[in-house]
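Here is the structure we will look at.
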Amino acid sequence: MQTVVDLTRCQGYAQCVFLAPEVFELHGEEGLLYATAVPDDQVERVRQAAAACPVQAILLGEEVSAGAR
Amino acid sequence: MPGDLKEGRIVIVGASLAGLRAAEALREEGFTGSLTVVGDEPHPPYDRPPLSKQVLLGQATADTTGLPMRRDPNADWRLGVRATGVDLLAKQVLLEDGESLPYDRLLIATGTRARPWPNPEEASLDGVFTLRTREDAGGLAERLAAGPERVLVIGAGFTGSEIASACRERGLEVTVAERGPAPLVGALGGTLSKLAAVMHRNHGVDLRTGVTVTALRGNGSFTGAELSDGTRVDADVCVVALGAVRNVEWLAESGLAAGPRGIACDAGCRAFNMYGIVTDDVFVAGDVSRFPHPLFDYQMLSLEHWGNAVEQAEVAAHNMVNPGPLQRPHLAVPSFWSTQFGLNIKSVGVPTYSDHVVIAQGSLEARRLAVVYGYKGRVTAAVTVDMAKSLDYYKHLIETAAPFPPPPGAQDRAIAADVAIPSDVPDPSGLSHGPTVALTGYLPDRRLTLVQPG
């Protein structure tokens, strides 16, 4: 599972850091770094983080499969 | 007839952020026809911002930044094959493998590539990198992990500054060479570039400004560089961060209005041909486009912003499957972000489209502030440092062409009119890197000063 955060929208509420600290991490006061590939055991936490994000900036989903043709 | 727009053949050239989001949006809008996405890289769409941050910090590998789909666009993905031309009359995209893809409507989203070091021999030295693709980031991250003695970064725009920041965070010695007077000055102007210079130096970057790199040295492997001030930098890794080049060369014979500034299109993402006539079936989105923006006097804007690629792709997709009266314009206010040296820098509007700035909130000393930019008495941009929550407010001021200095309520202390100071946006030709936002239109009162000798 992949995740991407629309950092144009992100306002640094850090709800995601609270809910899924193994995936989301603050870099300084409000810069956000995150694991782009979400480990299987973190998917549910990232779903919760995406739902809780006040500005709905987190997207979770499959990537285009490598064999796509 | 309008119903036909939901059917037929659509080809998207460019399989990165804009291409993927457009493909998804086409299906979202009810397109049921055949959809082909052509990309010259062998990978499915991936996200680039993490390449200069998480990947260089060693927190993620370059091959894990694949973009998640919002929905499966059910497309035929032609990856690892380059488009070499378009025949507008026969309505075909030509591929390097000799195949032609017929289309009813075409979307061009070929983006940009890293501007290479101008001397190919020097550029091919082992240890010399650019940073744009997954391969670039993977190779560079590997070198950084191996613990080089010193890294030389050429160019202190956003990419160069983020690379320098990542190097310092890894404890690596780094020298940054910038032709302009300070880092980020081309994007943010004088006031914030002074803060950027302080941040570089406080974090131990050997920042050299007002210099150019005249030669890269090495015998097979990079060993150092000569600078225009006569000094030499010994380093074993060099990152060339000179900005980006728009991928338009493949359209040279197409008859489209494609040039170094991008492909010109109208506010509905419809490409212009070389006579300035709008096409009905060729659309453009993302970094490769330039489009007129009413907030900036309808000048043509070229943006290299993540958010613009998403928003413009959605507008283009909508307009590709809807008849004229239902089409909508791409009028989004430009915005971008960067994280470096522990600071979160965010921007709305076009900071370079300014004559004055005021610090509306916070202070340079506190490393936490909001700077508002104005042009001829109206607000045209705002940049926040570690104050992202304020940005929406300033965005509203820009959208409504609010007076500058901003009205009461836009600041945490009184702003005297004489506090506005020149924005000090330099001539882009004095920068190492290219501008990430370029106004390329006709502005009558500036035409004389725009002429650059030599």
Side-chain angles (χ1 to χ4, degrees), chain A, chain B residues 15 17 20 23 37 42-47 49-50 53-55 57 59-61 63-73 75-79 165 169 305-308 310-311 332 335-348 367-368 384-392:
Chain A
M1 207 63 121
Q2 297 293 124
T3 194
V4 66
V5 180
D6 181 345
L7 290 166
T8 303
R9 285 191 186 189
C10 175
Q11 296 185 356
Y13 287 94
Q15 293 299 301
C16 54
V17 179
F18 176 71
L19 287 164
E22 288 183 38
V23 174
F24 302 98
E25 177 198 349
L26 276 188
H27 199 237
E29 292 286 311
E30 62 173 44
L32 185 69
L33 293 182
Y34 55 93
T36 51
V38 180
D40 288 345
D41 63 352
Q42 294 292 315
V43 169
E44 197 43 49
R45 283 175 172 274
V46 173
R47 278 192 215 288
Q48 289 173 10
C53 176
V55 292
Q56 293 291 291
I58 300 170
L59 176 67
L60 183 69
E62 299 294 338
E63 60 184 323
V64 174
S65 70
R69 174 59 228 253
Chain B
L17 179 61
L20 172 61
V37 187
H43 317 293
Y46 61 91
D47 206 28
K53 304 173 188 78
Q54 287 97 313
V55 172
L57 288 168
Q59 296 177 350
T61 56
D63 57 0
T64 61
T65 73
L67 278 167
M69 293 184 285
R70 295 188 296 200
R71 57 173 289 155
D72 189 339
D76 180 15
W77 293 87
R78 306 294 301 272
L79 301 175
S165 172
E169 204 159 321
H305 298 167
W306 194 94
N308 184 66
V310 175
E311 288 161 0
S335 60
F336 70 86
W337 78 88
S338 172
T339 300
Q340 49 185 273
F341 301 108
L343 295 182
N344 187 35
I345 302 171
K346 296 189 69 169
S347 160
V348 288
R367 313 271 189 265
R368 191 174 140 79
T384 60
V385 178
D386 279 356
M387 245 188 200
K389 290 186 187 69
S390 299
L391 213 59
D392 268 354

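Lettering follows sequence order; numbering is per chain, from 1. All of these numbers come straight from a predicted model, not from anything done at the bench.
Separation of atoms CG (Asp392(B)) and CZ (Arg9(A)) is listed at 10.5 Å; rounding is to 0.5 Å.
Around atom CD of Gln56(A), more than 12 heavy atoms belonging to other residues, nucleotides or ligands sit under 6.0 Å away. For CD of Gln15(A), the number of neighbouring non-hydrogen atoms (other residues, nucleotides, ligands) closer than 6.0 Å is greater than 12. Applying the 6.0 Å contact sphere to CZ of Arg45(A) captures no more than 12 heavy atoms from other residues, nucleotides or ligands.
With a threshold of 4.5 angstrom between heavy atoms, Leu343(B) does not approach chain A through any atom at all. Proximity to chain A (any heavy atom under 4.5 Å) is shown, for Gln340(B), by neither the backbone nor the side chain. Contacts between Leu20(B) and chain A at a heavy-atom distance below 4.5 Å involve the side chain alone, from C-beta outward. In this structure, chain A has a heavy atom under 4.5 Å from the side chain of Asp47(B), while its backbone stays farther away. The contact between Thr64(B) and chain A is made by backbone and side chain atoms together, counting heavy-atom distances below 4.5 Å.
Looking only at distances, a side-chain donor or acceptor of Thr3(A) sits under 3.5 Å from a matching main-chain atom of Leu59(A).
With sequence neighbours left out, the salt bridge (Lys or Arg N to Asp or Glu O under 4.0 Å) criterion links Arg47(A) to Glu44(A). Residues satisfying the salt bridge (Lys or Arg N to Asp or Glu O under 4.0 Å) test with Lys346(B), not counting sequence neighbours, are none. Every residue two or more places apart in sequence or in another chain was checked for a side-chain contact (heavy atoms from CB on, under 4.5 Å) with Ala51(A), and none qualifies.
By a heavy-atom distance cut of under 4.5 Å, Leu33(A), Tyr34(A), Thr36(A), Ala37(A) are the residues of residues 33-43 of chain A near chain B, going up by number.
Top candidate by heavy-atom pairs under 4.5 Å with chain A, chosen from Glu169(B), Arg368(B), His43(B), is Glu169(B).
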